[in-house]
Amino acid sequence: MQKLLSDFLDHVLIEKGLSKNTWRAYGSDLDQWFNFQAEHSKVPSKSVATLYLQGLHEAGLATSSISRKLTRLRMFYRFL
């Protein structure tokens, strides 16, 4: 999975022209998802994603932060 993540981050850095800070935030958000997903299931699924998003909400993250993380997940899976 790390190779796919690396390929995606290269893609968004080059194609989208992201700043280094934004690029790092993408990597951090996706690493957080992969760690959560690995703890809960071997295969990503809608139910695991729902648990992840609920956990972010329960942890007190702002709706805008949760939306940002969800957008990055969608972008990654579209890239695949």
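Computation of the quantities below employed the complete heavy-atom set of this structure, encompassing side-chain atoms and omitting hydrogens, waters and symmetry-equivalent molecules.
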Worksheet item: Under the side-chain contact (heavy atoms from CB on, under 4.5 Å) criterion, do F36 and L56 qualify, and how do the steps go?
Response: CA-CA 11 Å; F36 181 90; L56 295 174; over 6 Å; no
[X] [atom1] to [Y] [atom2] distance, which is reported to the nearest 0.5 Å:
X	Y	atom1	atom2	value
R78	T71	CZ	OG1	8.5 Å
M75	Y26	CE	OH	3.5 Å
Y77	L4	OH	CG	9.5 Å
Q54	I66	CD	CD1	10.5 Å
T63	L70	OG1	CG	12.0 Å
D31	Q2	CG	CD	6.0 Å

Discussion item. Can you classify the ring geometry of F8 versus H11 as parallel (below 30°), tilted (30 to 60°) or perpendicular (above 60°)?
Written reply: tilted
Item to complete: Test T22 against L13 for side-chain contact (heavy atoms from CB on, under 4.5 Å), laying out the working first.
Response: CA-CA 9 Å; T22 302; L13 181 64; over 6 Å; no
Item to complete: Ignoring hydrogens and angles, tell me if any N or O in the side chain of S41 forms a donor-acceptor pair with the backbone of Q37 under 3.5 Å.
Response: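 Judged by distance alone, no pair lies under 3.5 Å.
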Return the minimal non-hydrogen interatomic distance between [X] and [Y], and the atom names on each side.
X	Y	answer
V12	L18	O-CG, 3.5 Å
L61	K69	CD2-CE, 3.5 Å
W23	L9	NE1-O, 3.0 Å

Discussion item. Distance alone, cut at 3.5 Å: any donor-acceptor contact between the side chains of S67 and S64?
Written reply: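 Not at all, the side chains of S67 and S64 share no donor-acceptor pair under 3.5 Å.
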Worksheet entry | Candidate pair Y52 and Q32, rule side-chain contact (heavy atoms from CB on, under 4.5 Å), full reasoning | CA-CA 10 Å; Y52 173 68; Q32 184 182 20; 3.4 Å; yes
Worksheet item: Given F34 and F76, is the ring pair (Phe, Tyr, Trp, His ring centres under 6.0 Å) satisfied, shown in steps?
Response: CA-CA 12 Å; F34 291 132; F76 175 73; 5.4 Å; yes
Discussion item. Hydrophobic clustering (ILVMFWY, side-chain heavy atoms < 4.5 Å, transitive) - are L30 and I14 grouped together?
Written reply: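 I14 does not cluster with L30.
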